[in-house]
Trainee: 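Below: one structure in structure tokens.
Naming convention: chains lettered A, B, ... in sequence-line order (proteins, then strands); numbering from 1 in each chain. In this text, all values refer to a predicted model and were calculated from it rather than measured experimentally.
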Number of protein chains: 2
Amino acid sequence: MSTSPEAYHHGNLRDALLAAGLAALEGAEGKAPSLRELARVVGVSATAVYRHFPDKQALDAALARAGLDLLGKEQAAAAERAGGGSQGFTETGRTYVRFALAHPALFRLMFTQGHPVDGSATPDEAYALLTANSRALVGDPDGAETLALQSWAMVHGIAMLMLDGRIPADDALIERLLDTGNLSAQSCGSSSEESP
Amino acid sequence: MSTSPEAYHHGNLRDALLAAGLAALEGAEGKAPSLRELARVVGVSATAVYRHFPDKQALDAALARAGLDLLGKEQAAAAERAGGGSQGFTETGRTYVRFALAHPALFRLMFTQGHPVDGSATPDEAYALLTANSRALVGDPDGAETLALQSWAMVHGIAMLMLDGRIPADDALIERLLDTGNLSAQSCGSSSEESP
DNA sequence: GATTAAAGTGAACGCCGTAAACATAGAGGT
DNA sequence: ACCTCTATGTTTACGGCGTTCACTTTAATC
């Protein structure tokens, strides 16, 4: 029962299935891989999968979890690269949207399970990073949570709408939408603009 | 070939299928209805569906379109009830999120097609209302479009995250997130809060 | 009334997720 | 060394799905 990357004929079918799943989600745009297809790719009968996952939904959840971890890592790296602070905060959001566009099928899978994808295990690096960063920016705990959730909703909405083709998946547009300074125009500044 | 609501044995199977589809999407939480199931409900063989829709995707697209129209009507009514202006604008967003929570399966279907659900036909009342309202609020066309898209992304993100159980589908939380005044704290006001 | 095109039917195909019964191999105890 | 047991895999089978094809029926048209 080694978890090492040995041959899997006896070894870790589970990891092989997840790897095949992630690979399938990258290619062949939009199509979620079937359980049988993954088994085929890995060279195993379809029912063998059930020795490692109770059902397809569990397999999907594991894939979603893997995707979530990947996203968390990319965001952490991006935030560090940007040097934290509000600069890093924005960069985290940018990375979120970019991730969705770079891995559309995986991203959809991640957020299309009916329920939060687990709750146990390691508790979602991406979300931890988000709350930590916004707490660092705001101070007031309630305000920090609100900012965190609003930011999440914003980038998630941008990502989803772009994935669904409702708004163009344009880099410039991402930048424009990520800049939330104007959103407050109706509530914190004058309602007239800088144009004459 | 009457479009009137007559018997459908010969008559409008198409509308009957759409009605059955919308009904199915309301009950039995989360599950998207199958083509065969809808045919069964309507009392017709599965293949009869193909006389009215080229494939299942087209049926789904039609259902999505119907959902979009419904959303648009509810938003328009809500905006009018609130008396337009920035009050009506916010109300439109609130209605968007409420609609998603009230019709989760339909809402998911609406935004889960790969592509924008058509583009032809009547051009999406919801979106028209959104841009019109934000143009009324901002004046500057570019700024208006940005505000429109940001607002859309925000409410869409809130809706999606709540549907997926990532954040609690809580009425109070909706209100808190809809109030975007604080979002600009980092760019338009002081970074200190009103608490001592 | 005969013709014709639209609308509905039934059987069949290959895919899917899943269940049940069976096979095999490697670990552990004796 | 042997036997056993458990983890892991296989085969076969079931019902549901979307879709195709060849067919019948029905209502509208000349």
Trainee: Starting from C1' on dT8(D), measure out to CG on Asp15(A) and report it in whole angstrom.
Mentor: 15 Å
Trainee: Quick one: Asn12(A) CG to dA7(D) C1', roughly how many Å, whole number?
Mentor: 14 Å
Trainee: With nearest nucleotide decided by heavy atoms, which residue, Glu37(A) or Arg51(A), maps closer to the 5′ end of DNA chain C?
Mentor: Glu37(A)
Trainee: Closer than 3.5 angstrom, by distance alone: can the side chain of Asn12(A) be matched with the main-chain N or O of Arg14(A) as a donor-acceptor pair?
Mentor: no
Trainee: Is the His156(B) ring parallel, tilted or perpendicular to the Phe107(B) ring (thresholds 30°, 60°)?
Mentor: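 Rings of His156(B) and Phe107(B): tilted, 30 to 60°.
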Trainee: Using a cutoff of under 3.5 Å, can you pull out all pairs of nitrogen or oxygen atoms linking the protein to nucleotides 18-20 of chain C, with atom names and distances?
Mentor:
from    : atom 1 : to       : atom 2 : distance (Å)
dT18(C) : OP2    : Tyr50(A) : OH     : 2.9
dT18(C) : OP2    : Lys56(A) : N      : 2.8
dT18(C) : O5'    : Tyr50(A) : OH     : 3.0

Trainee: Regarding Arg40(A), tell me which of base, sugar-phosphate or nothing describes its non-hydrogen contacts under 4.0 Å with the strands shown.
Mentor: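 It contacts sugar-phosphate atoms only.
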Trainee: Whole Å only: how far is the CZ atom of Phe53(B) from the C1' atom of dT19(D)?
Mentor: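 Atom CZ in Phe53(B) sits about 16 Å away from atom C1' in dT19(D).
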Trainee: List the atom of Leu163(A), the atom of Pro104(A), and the distance in Å for their closest heavy-atom pair.
Mentor: CD2-CB, 3.5 Å
Trainee: Distance check needed: dT26(D) P versus Leu13(B) CG, whole Å only.
Mentor: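 From Leu13(B) CG to dT26(D) P: 15 Å.
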Trainee: Which salt bridge (charged side-chain N to carboxylate O under 4.0 Å, His left out) pairs, counting each pair once, include a residue from residues 99-109 of chain B, with sequence neighbours left out?
Mentor: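 Found Arg108(B)-Asp164(B).
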Trainee: Contact class for Ser34(A) (heavy atom, under 4.0 Å): base, sugar-phosphate, or nothing?
Mentor: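 Sugar-phosphate, backbone atoms only, no base.
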Trainee: With the 4.5 Å side-chain cut-off for hydrophobic clustering, are Leu129(A) and Ile167(B) part of the same group?
Mentor: no
Trainee: Which donor-acceptor pairs under 3.5 Å do the side chains of residues 32-54 of chain B make with protein atoms, sequence neighbours left out?
Mentor:
from     : atom 1 : to       : atom 2 : distance (Å)
Ser34(B) : OG     : Glu37(B) : N      : 3.0
Ser45(B) : OG     : Thr47(B) : OG1    : 3.3

Trainee: Less than 4.0 angstrom between a side-chain N/O of His52(B) and OP1 or OP2 of dA6(C), yes or no?
Mentor: no
Trainee: Between dC15(C) atom C1' and Leu38(A) atom CG, what is the distance in whole Å?
Mentor: 14 Å
